[in-house]
Amino acid sequence: MAQLVQLGPGLPAGSPLAGPLIDTFGRVHSDLRVSLTDRCNIRCFYCMPETGAEFLPIRGLLSFGQIVRLVSLVLPLGIDKIRLTGGEPLLRPKLPELIAGLSGLRGVRDLALTTNGVLLSSAAGPLFDAGLRRLNIHLDTLDRERFQTITRRDELARVLAGIDRAVDAGFHRIKLNAVAIKGLNEPDIVPLVRFARERNMEVRFIEFMPLDAQHLWALDRVLTADDMIEMLEREFGPLTPVPDADPRAPATEYRFEDGHRVGFIASVSRPFCANCNRLRLTSDGKLRNCLFAREETDIRPLLEQPDSDLALEAAVRSTVWQKWAGHEINRATFVAPQRPMYAIGG
Ligand code: SAM
Ligand code: SF4
């Protein structure tokens, strides 16, 4: 894969040497998503191939020490929100050690984890005790058969048990991530919101994006935010947009009349690139300035050297600076990135 920058001396022309992490469009970056592994224990069709997924060797993954080092380095540059993801992050042994390392860093305003929930029953308590407070749990359906169709695994019961244990462990305001696919999970939209409302959780519906390993994505398979709002209003009454607390957040939030909320990550029907503040680190140490980026910066060699802080900062600044205006999913010229979602980190 092509590299975005020449590591080593120098930043691209115009890139600031100090101050916040900014790109040429003036977008200030404050959100880092760190993928902990590309492996997963289920096989969602919109992410992974059914069989034959190729994974990094375990020794190819960044160590917890390298991740904590990189995060420590970007906090003074204005990053204050860290999300751990994957692949399935709960597959990383000793994950609470990483949580403890990150939650203890000054400047981490928000530390969150995205998981499919399969292993959450036993992990929730130790993660909470290590300092994690924010959880997004992936749940597309409450129907066992459809869960199997989507994930090619029969794990719904474990996910539901994991959600209960997370509540018992002390997690509040859990968000449920649901990918919405036209012709498949329309029957799940209302039940998922009912499930969340009963538990004081919030569903985030995510429009299907062209990041699947098997290239099954098509525009006519995208169940849009508008489609879902219509379904939900029919069942629960009017939804009102919540004025954005943070206009850079990917989800557009709506409120029911009783105050419960639902969010939509409408990357396809309502792209939000103009406000994007996110940077990604893959589990093998590549920095990406966009989910859909076709180029990336390999910082692993720098993380393997002890005296490379300045070069690392230059690599981060340079990657952010070279971010494009936005993805082009809706244009004929769109080219999907080489890495599917599980190898990037959603
Ligand atoms: N395994 C964890 C999980 O599923 O939550 C974390 C990694 S997963 C890649 C992160 C999020 O990406 C999930 O919430 C999933 O719903 C979403 N996702 C995966 N493939 C997607 C796609 N093609 N379009 C939209 N969202 C997708
Ligand atoms: Fe695994 Fe998450 Fe991808 Fe589903 S979306 S296959 S749970 S990494």
Side-chain angles (χ1 to χ4, degrees), residues 1-5 7 20-21 23 27-40 47 55-92 95 97-99 101-103 105 107-115 132 134 136 211 250 276-305 308-323 337-346:
M1 213 172 291
Q3 285 202 354
L4 199 62
V5 289
L7 296 178
L21 288 172
D23 67 15
R27 294 172 295 199
V28 174
H29 286 60
S30 56
D31 183 330
L32 176 68
R33 311 213 159 189
V34 180
S35 174
L36 301 183
T37 177
D38 57 350
R39 289 168 197 246
C40 191
C47 179
F55 299 118
L56 293 163
I58 298 296
R59 64 175 190 289
L61 301 179
L62 293 184
S63 68
F64 288 171
Q66 289 170 329
I67 292 169
V68 172
R69 178 178 172 206
L70 196 265
V71 171
S72 312
L73 213 126
V74 296
L75 292 173
L77 311 183
I79 297 286
D80 61 4
K81 184 170 175 184
I82 310 291
R83 175 171 297 281
L84 303 177
T85 180
E88 176 46 39
L90 299 191
L91 289 176
R92 271 300 283 257
L95 183 55
E97 287 178 15
L98 177 64
I99 299 292
L102 293 174
S103 62
L105 294 175
V108 177
R109 183 180 57 81
D110 189 3
L111 176 63
L113 177 110
T114 303
T115 171
L132 186 69
R134 291 233 300 118
N136 284 54
L211 291 167
C276 182
N277 66 344
R278 286 172 289 287
L279 181 65
R280 290 184 153 78
L281 179 63
T282 66
S283 55
D284 56 342
K286 310 287 197 292
L287 274 178
R288 297 175 61 86
N289 55 22
C290 177
L291 255 183
F292 297 93
R294 292 195 290 269
E295 296 169 313
E296 49 194 25
T297 310
D298 187 3
I299 60 166
R300 192 189 164 89
L302 293 174
L303 285 168
E304 283 167 353
Q305 296 163 28
S308 50
D309 284 5
L310 285 176
L312 275 167
E313 180 177 336
V316 173
R317 287 191 180 282
S318 177
T319 305
V320 172
W321 184 250
Q322 294 180 71
K323 184 163 176 154
Q338 275 172 280
R339 282 180 189 259
M341 189 63 128
Y342 71 96
I344 299 173

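All values below come from the heavy atoms of this structure, side chains included, with hydrogens, waters and symmetry mates left out.
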Exam field: side chain R288 to backbone A293, donor-acceptor pair closer than 3.5 Å: yes
Pair D110 + R134: basic N to acidic O under 4.0 Å: yes
Residues in salt bridge (charged side-chain N to carboxylate O under 4.0 Å, His left out) contact with D284, at least two apart in sequence or another chain: K286, R339
With D23 via side-chain hydrogen bond (donor to acceptor under 3.5 Å, both in side chains) - residues at least two apart: R27
Minimum heavy-atom distance A315-T319, with the two atoms named: O-OG1, 2.6 Å
R69: salt bridge (charged side-chain N to carboxylate O under 4.0 Å, His left out) partners, not counting sequence neighbours: D309
With sequence neighbours excluded, residues passing ring pair (Phe, Tyr, Trp, His ring centres under 6.0 Å) with F64: none
Partners passing salt bridge (charged side-chain N to carboxylate O under 4.0 Å, His left out) against R317 (at least two apart in sequence or in another chain): E313
L84 and its side chain to side chain contact (heavy atoms under 4.5 Å, CB included) partner, picked from T114, L132, I99: I99
Polar side-chain atom of R280 near backbone of G345 as donor-acceptor pair, under 3.5 Å: yes
Salt bridge (charged side-chain N to carboxylate O under 4.0 Å, His left out) involving R300 - partner list, sequence neighbours excluded: E304
Shortest non-hydrogen contact between F55 and D38, atoms and distance: CE2-O, 3.3 Å
Exceeds 12 heavy-atom contacts within 6.0 angstrom, atom CG of L310: no
Donor-acceptor under 3.5 Å (S63 side chain, Q66 main chain): yes
For P250 against R278, the heavy-atom pair lying closest together: CD-NH1, 3.5 Å
Where V34 and I67 come nearest, the two heavy atoms and their spacing: CG1-CG2, 3.9 Å
Shortest non-hydrogen separation from L36 to L61 and the atoms involved: O-CD1, 3.9 Å
